[in-house]
Amino acid sequence: ITNVSHDIRTPLTSIIGYLGLIEDKHYQSQEDVERYIHIAYTKALQMKVLVDDLFEYTKVRQTSTPLTLQTLNLGKFLEQIAAEFELESDRKQMDIQVLMETDPLHIEVDVDKIARVFNNLISNALKYGRGGTWVRIHAAKIGSEAVISVMNNGEKIPKKALDELFNRFYRVESSRSQQTGGTGLGLAIAQSIITLHGGYIYAESNNQLTKFVMHLPLKQTIEDSQELE
Ligand code: ATP
Ligand code: MG
(Lines give C-alpha, C1' and ligand atoms only; values in the text may rest on other atoms or scores of the structure.)
(Ligands and ions follow the chains in the order given, each with its own letter.)
Protein backbone atom coordinates (compact mmCIF):
# COMPACT_ATOMS: atom_id res chain seq x y z
CA ILE A 1 0.00 0.00 0.00
CA THR A 2 2.89 2.35 0.76
CA ASN A 3 4.34 1.71 -2.69
CA VAL A 4 1.03 2.17 -4.45
CA SER A 5 0.21 5.30 -2.52
CA HIS A 6 3.52 6.76 -3.61
CA ASP A 7 3.07 5.81 -7.25
CA ILE A 8 -0.47 7.15 -7.32
CA ARG A 9 0.26 10.28 -5.34
CA THR A 10 3.10 11.44 -7.56
CA PRO A 11 1.09 11.80 -10.78
CA LEU A 12 -1.96 12.95 -8.83
CA THR A 13 0.00 15.77 -7.19
CA SER A 14 1.09 16.97 -10.58
CA ILE A 15 -2.44 16.71 -12.04
CA ILE A 16 -3.81 18.78 -9.16
CA GLY A 17 -0.91 21.21 -9.51
CA TYR A 18 -1.41 21.90 -13.20
CA LEU A 19 -5.20 21.95 -13.09
CA GLY A 20 -4.85 24.29 -10.09
CA LEU A 21 -2.90 26.75 -12.21
CA ILE A 22 -5.74 26.80 -14.73
CA GLU A 23 -8.42 26.96 -12.04
CA ASP A 24 -6.70 29.98 -10.43
CA LYS A 25 -6.07 31.55 -13.84
CA HIS A 26 -2.31 31.48 -13.28
CA TYR A 27 -1.37 31.43 -16.93
CA GLN A 28 -0.13 33.96 -19.43
CA SER A 29 -1.39 32.57 -22.67
CA GLN A 30 -3.52 29.97 -24.38
CA GLU A 31 -0.29 28.00 -25.01
CA ASP A 32 0.32 27.82 -21.25
CA VAL A 33 -3.16 26.42 -20.74
CA GLU A 34 -2.63 23.83 -23.44
CA ARG A 35 0.69 22.80 -21.96
CA TYR A 36 -0.76 22.40 -18.46
CA ILE A 37 -3.65 20.37 -19.80
CA HIS A 38 -1.27 18.18 -21.75
CA ILE A 39 0.84 17.43 -18.67
CA ALA A 40 -2.21 16.71 -16.51
CA TYR A 41 -3.63 14.44 -19.21
CA THR A 42 -0.36 12.50 -19.59
CA LYS A 43 -0.10 12.01 -15.84
CA ALA A 44 -3.72 10.88 -15.67
CA LEU A 45 -3.02 8.25 -18.36
CA GLN A 46 -0.02 7.08 -16.36
CA MET A 47 -2.22 6.68 -13.30
CA LYS A 48 -4.74 4.70 -15.30
CA VAL A 49 -2.04 2.21 -16.34
CA LEU A 50 -1.07 1.74 -12.71
CA VAL A 51 -4.63 1.30 -11.51
CA ASP A 52 -5.40 -1.13 -14.38
CA ASP A 53 -2.26 -3.14 -13.54
CA LEU A 54 -3.18 -3.26 -9.88
CA PHE A 55 -6.64 -4.47 -10.72
CA GLU A 56 -5.22 -7.11 -13.05
CA TYR A 57 -2.74 -8.16 -10.39
CA THR A 58 -5.37 -8.66 -7.71
CA LYS A 59 -7.50 -10.60 -10.20
CA VAL A 60 -4.81 -13.04 -11.35
CA ARG A 61 -3.65 -13.53 -7.77
CA GLN A 62 -6.90 -15.34 -7.00
CA THR A 63 -6.45 -19.03 -7.67
CA SER A 64 -10.14 -19.27 -8.51
CA THR A 65 -9.84 -16.87 -11.46
CA PRO A 66 -11.33 -18.70 -14.44
CA LEU A 67 -9.27 -19.07 -17.62
CA THR A 68 -10.87 -18.67 -21.03
CA LEU A 69 -9.11 -21.55 -22.76
CA GLN A 70 -8.29 -21.81 -26.44
CA THR A 71 -5.90 -24.03 -28.37
CA LEU A 72 -3.17 -21.95 -29.89
CA ASN A 73 -0.55 -22.43 -32.58
CA LEU A 74 2.30 -21.10 -30.46
CA GLY A 75 4.67 -20.26 -33.34
CA LYS A 76 2.08 -18.13 -35.13
CA PHE A 77 1.06 -16.45 -31.91
CA LEU A 78 4.64 -15.56 -30.96
CA GLU A 79 5.39 -14.24 -34.48
CA GLN A 80 2.34 -12.02 -34.22
CA ILE A 81 3.38 -10.61 -30.86
CA ALA A 82 6.97 -10.08 -32.04
CA ALA A 83 5.64 -8.20 -35.10
CA GLU A 84 3.78 -5.80 -32.81
CA PHE A 85 7.13 -4.78 -31.31
CA GLU A 86 8.80 -4.11 -34.66
CA LEU A 87 8.55 -0.33 -34.40
CA GLU A 88 9.93 -0.22 -30.90
CA SER A 89 12.74 -2.68 -31.60
CA ASP A 90 13.72 -0.85 -34.79
CA ARG A 91 13.93 2.35 -32.83
CA LYS A 92 16.23 0.68 -30.32
CA GLN A 93 18.11 -1.08 -33.09
CA MET A 94 17.36 -4.44 -31.57
CA ASP A 95 16.46 -7.50 -33.54
CA ILE A 96 13.54 -9.71 -32.46
CA GLN A 97 13.51 -13.35 -33.51
CA VAL A 98 11.20 -16.29 -32.86
CA LEU A 99 12.81 -19.75 -32.95
CA MET A 100 10.42 -22.70 -32.82
CA GLU A 101 12.25 -25.91 -32.11
CA THR A 102 8.93 -27.76 -32.33
CA ASP A 103 6.58 -26.46 -35.01
CA PRO A 104 3.64 -26.56 -35.04
CA LEU A 105 3.32 -26.54 -31.28
CA HIS A 106 -0.26 -26.48 -30.03
CA ILE A 107 -0.98 -25.36 -26.53
CA GLU A 108 -4.11 -24.70 -24.54
CA VAL A 109 -4.05 -21.30 -22.84
CA ASP A 110 -5.99 -18.17 -22.00
CA VAL A 111 -4.79 -16.20 -25.01
CA ASP A 112 -5.31 -12.69 -23.63
CA LYS A 113 -3.54 -13.50 -20.39
CA ILE A 114 -0.61 -15.27 -22.04
CA ALA A 115 -0.28 -12.37 -24.51
CA ARG A 116 0.07 -10.10 -21.53
CA VAL A 117 2.93 -12.22 -20.20
CA PHE A 118 4.86 -12.03 -23.49
CA ASN A 119 4.14 -8.35 -23.94
CA ASN A 120 5.72 -7.64 -20.60
CA LEU A 121 8.71 -9.93 -21.14
CA ILE A 122 9.49 -8.49 -24.57
CA SER A 123 8.97 -4.89 -23.53
CA ASN A 124 11.18 -5.51 -20.49
CA ALA A 125 13.91 -6.95 -22.72
CA LEU A 126 13.73 -3.87 -24.96
CA LYS A 127 13.51 -1.42 -22.06
CA TYR A 128 16.08 -2.81 -19.64
CA GLY A 129 18.40 -4.80 -21.87
CA ARG A 130 20.82 -1.92 -22.08
CA GLY A 131 23.61 -2.47 -24.55
CA GLY A 132 21.77 -5.41 -26.08
CA THR A 133 21.28 -6.04 -29.78
CA TRP A 134 18.71 -8.83 -29.85
CA VAL A 135 15.67 -10.44 -28.24
CA ARG A 136 15.06 -14.11 -28.96
CA ILE A 137 12.03 -16.18 -28.17
CA HIS A 138 12.67 -19.88 -28.19
CA ALA A 139 10.05 -22.60 -27.77
CA ALA A 140 10.13 -26.38 -27.69
CA LYS A 141 7.83 -29.20 -26.70
CA ILE A 142 9.40 -31.27 -23.95
CA GLY A 143 7.23 -34.15 -22.81
CA SER A 144 3.81 -32.79 -21.93
CA GLU A 145 5.10 -29.24 -21.56
CA ALA A 146 6.00 -26.29 -23.72
CA VAL A 147 9.24 -24.69 -22.58
CA ILE A 148 9.44 -21.11 -23.77
CA SER A 149 12.32 -18.69 -23.17
CA VAL A 150 12.47 -14.98 -23.79
CA MET A 151 16.14 -13.99 -23.99
CA ASN A 152 18.05 -10.80 -24.53
CA ASN A 153 21.72 -9.96 -24.55
CA GLY A 154 21.59 -6.78 -22.47
CA GLU A 155 23.11 -5.83 -19.17
CA LYS A 156 23.24 -8.57 -16.55
CA ILE A 157 20.69 -8.59 -13.72
CA PRO A 158 22.55 -8.84 -10.39
CA LYS A 159 22.20 -12.17 -8.58
CA LYS A 160 20.57 -10.54 -5.58
CA ALA A 161 17.89 -8.94 -7.74
CA LEU A 162 17.07 -12.18 -9.58
CA ASP A 163 15.38 -13.58 -6.48
CA GLU A 164 13.18 -10.54 -6.14
CA LEU A 165 12.18 -9.80 -9.73
CA PHE A 166 8.83 -11.53 -9.42
CA ASN A 167 7.84 -9.69 -6.25
CA ARG A 168 5.23 -7.02 -6.80
CA PHE A 169 6.63 -3.49 -7.12
CA TYR A 170 10.20 -4.74 -7.27
CA ARG A 171 12.39 -2.85 -9.72
CA VAL A 172 16.15 -3.09 -10.02
CA GLU A 173 17.59 0.13 -8.60
CA SER A 174 18.92 1.47 -11.88
CA SER A 175 15.55 1.22 -13.62
CA ARG A 176 13.77 2.94 -10.76
CA SER A 177 15.96 5.99 -10.93
CA GLN A 178 15.70 6.06 -14.69
CA GLN A 179 12.30 7.35 -15.74
CA THR A 180 11.09 4.25 -17.55
CA GLY A 181 7.65 4.62 -16.05
CA GLY A 182 7.06 1.01 -14.98
CA THR A 183 5.58 0.04 -11.64
CA GLY A 184 7.22 -3.32 -11.07
CA LEU A 185 3.96 -5.22 -11.42
CA GLY A 186 4.61 -6.79 -14.83
CA LEU A 187 6.57 -9.83 -13.67
CA ALA A 188 4.36 -10.38 -10.62
CA ILE A 189 1.35 -10.46 -12.95
CA ALA A 190 3.21 -12.73 -15.39
CA GLN A 191 4.08 -15.18 -12.64
CA SER A 192 0.50 -15.33 -11.37
CA ILE A 193 -0.79 -15.93 -14.91
CA ILE A 194 1.69 -18.77 -15.49
CA THR A 195 0.77 -20.27 -12.11
CA LEU A 196 -2.94 -20.13 -13.03
CA HIS A 197 -2.03 -22.27 -16.05
CA GLY A 198 -0.29 -24.83 -13.82
CA GLY A 199 3.17 -23.77 -14.99
CA TYR A 200 6.16 -21.93 -13.56
CA ILE A 201 8.55 -19.18 -14.59
CA TYR A 202 12.08 -18.27 -13.52
CA ALA A 203 14.88 -15.96 -14.59
CA GLU A 204 18.59 -16.44 -15.22
CA SER A 205 21.16 -13.85 -16.11
CA ASN A 206 24.86 -13.72 -16.85
CA ASN A 207 27.14 -11.41 -18.82
CA GLN A 208 26.12 -12.99 -22.12
CA LEU A 209 22.37 -13.13 -21.75
CA THR A 210 19.31 -12.69 -19.58
CA LYS A 211 16.53 -15.19 -19.96
CA PHE A 212 13.05 -15.76 -18.63
CA VAL A 213 12.00 -19.40 -18.90
CA MET A 214 8.43 -20.65 -18.71
CA HIS A 215 7.22 -24.20 -18.39
CA LEU A 216 3.57 -24.56 -19.41
CA PRO A 217 1.50 -27.73 -19.63
CA LEU A 218 0.26 -28.29 -23.21
CA LYS A 219 -3.22 -29.15 -21.96
CA GLN A 220 -5.14 -27.83 -19.02
CA THR A 221 -6.70 -30.37 -16.73
CA ILE A 222 -10.04 -28.83 -16.00
CA GLU A 223 -10.83 -29.31 -12.39
CA ASP A 224 -13.78 -27.77 -10.76
CA SER A 225 -12.29 -24.40 -10.05
CA GLN A 226 -15.17 -23.20 -7.96
CA GLU A 227 -13.81 -22.94 -4.49
CA LEU A 228 -15.67 -22.53 -1.28
CA GLU A 229 -16.57 -18.93 -0.76
P1 ATP B 1 5.76 -2.79 -15.32
O2 ATP B 1 6.06 -4.08 -16.04
O3 ATP B 1 4.77 -2.96 -14.22
O4 ATP B 1 5.45 -1.67 -16.24
P5 ATP B 1 8.51 -2.99 -14.64
O6 ATP B 1 8.82 -3.34 -16.07
O7 ATP B 1 9.48 -2.17 -13.90
O8 ATP B 1 7.09 -2.31 -14.57
P9 ATP B 1 8.58 -5.83 -14.13
O10 ATP B 1 8.18 -6.14 -15.51
O11 ATP B 1 7.99 -6.62 -13.02
O12 ATP B 1 8.29 -4.32 -13.78
O13 ATP B 1 10.17 -5.94 -14.02
C14 ATP B 1 10.80 -5.71 -12.75
C15 ATP B 1 12.21 -5.21 -12.92
O16 ATP B 1 13.03 -6.27 -13.41
C17 ATP B 1 12.39 -4.09 -13.93
O18 ATP B 1 12.14 -2.84 -13.37
C19 ATP B 1 13.86 -4.25 -14.30
O20 ATP B 1 14.66 -3.59 -13.35
C21 ATP B 1 14.10 -5.75 -14.17
N22 ATP B 1 14.09 -6.45 -15.48
C23 ATP B 1 13.04 -7.11 -16.04
N24 ATP B 1 13.38 -7.67 -17.21
C25 ATP B 1 14.67 -7.37 -17.44
C26 ATP B 1 15.62 -7.65 -18.48
N27 ATP B 1 15.28 -8.37 -19.57
N28 ATP B 1 16.89 -7.17 -18.35
C29 ATP B 1 17.24 -6.44 -17.26
N30 ATP B 1 16.40 -6.14 -16.25
C31 ATP B 1 15.14 -6.59 -16.30
MG1 MG C 1 7.66 -4.71 -17.15
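All ligand and atom numbering here is 1-based and tracks the order in the structure.
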Just going by heavy-atom distances, which of Asn152, Leu162, Leu165 is nearest to atom 16 (O) of ligand 1? Leu165
Side chains of Glu101 and His138, donor plus acceptor under 3.5 Å: yes
Is any N, O or S atom of Ser123 under 2.8 Å away from the Mg ion (ligand 2)? no
N or O contact, Val172 vs ligand 1, cut-off under 3.5 Å: yes
Could you check if a side-chain atom of Thr102 sits within less than 4.5 angstrom of a side-chain atom of Ile142, using non-hydrogen atoms only? no
Looking only at N/O atoms, are Phe212 and ligand 1 under 3.5 Å apart anywhere? no
Sub-3.5 Å donor-acceptor pair from the side chain of Asp95 to the main-chain atoms of Trp134, do we have one? no
Ligand 1 to Asn120, heavy atom cutoff 4.0 Å, flagged ligand atoms 2 (O), 10 (O)
For the backbone of Lys76 and the side chain of Asn73, can you confirm whether one donor and one acceptor N or O come within less than 3.5 Å of each other? yes
Under 3.5 Å between any N/O of Tyr128 and any N/O of ligand 1: does that happen in this structure? yes
Between CD on residue Glu155 and CG on residue Asn207, distance to nearest 0.5 Å: 10.0 Å
Please report whether ligand 1 has a polar contact with Leu185, defined as an N or O pair separated by less than 3.5 Å (distance criterion only). yes
Taking both backbone and side-chain atoms of Thr183, is any N or O found less than 3.5 Å from an N or O belonging to ligand 1? yes
Restricting to heavy atoms, the pick from Phe166, Phe169, Tyr170, Tyr57 nearest atom 15 (C) of ligand 1 would be Tyr170
Does some non-hydrogen atom of Gly184 fall short of 4.0 Å from ligand 1? yes
Less than 4.5 Å apart, side chain to side chain, heavy atoms only: is that true for Val150 and Asn124? no
Should the pair Lys25-Asp32 be classified as a salt bridge under the 4.0 Å nitrogen-to-oxygen rule? no
Got more than 12 heavy atoms from elsewhere within 6.0 Å of CG, Leu45? yes
What I want to know is whether Leu187 and ligand 1 share at least one N or O pair that is separated by under 3.5 angstrom. yes
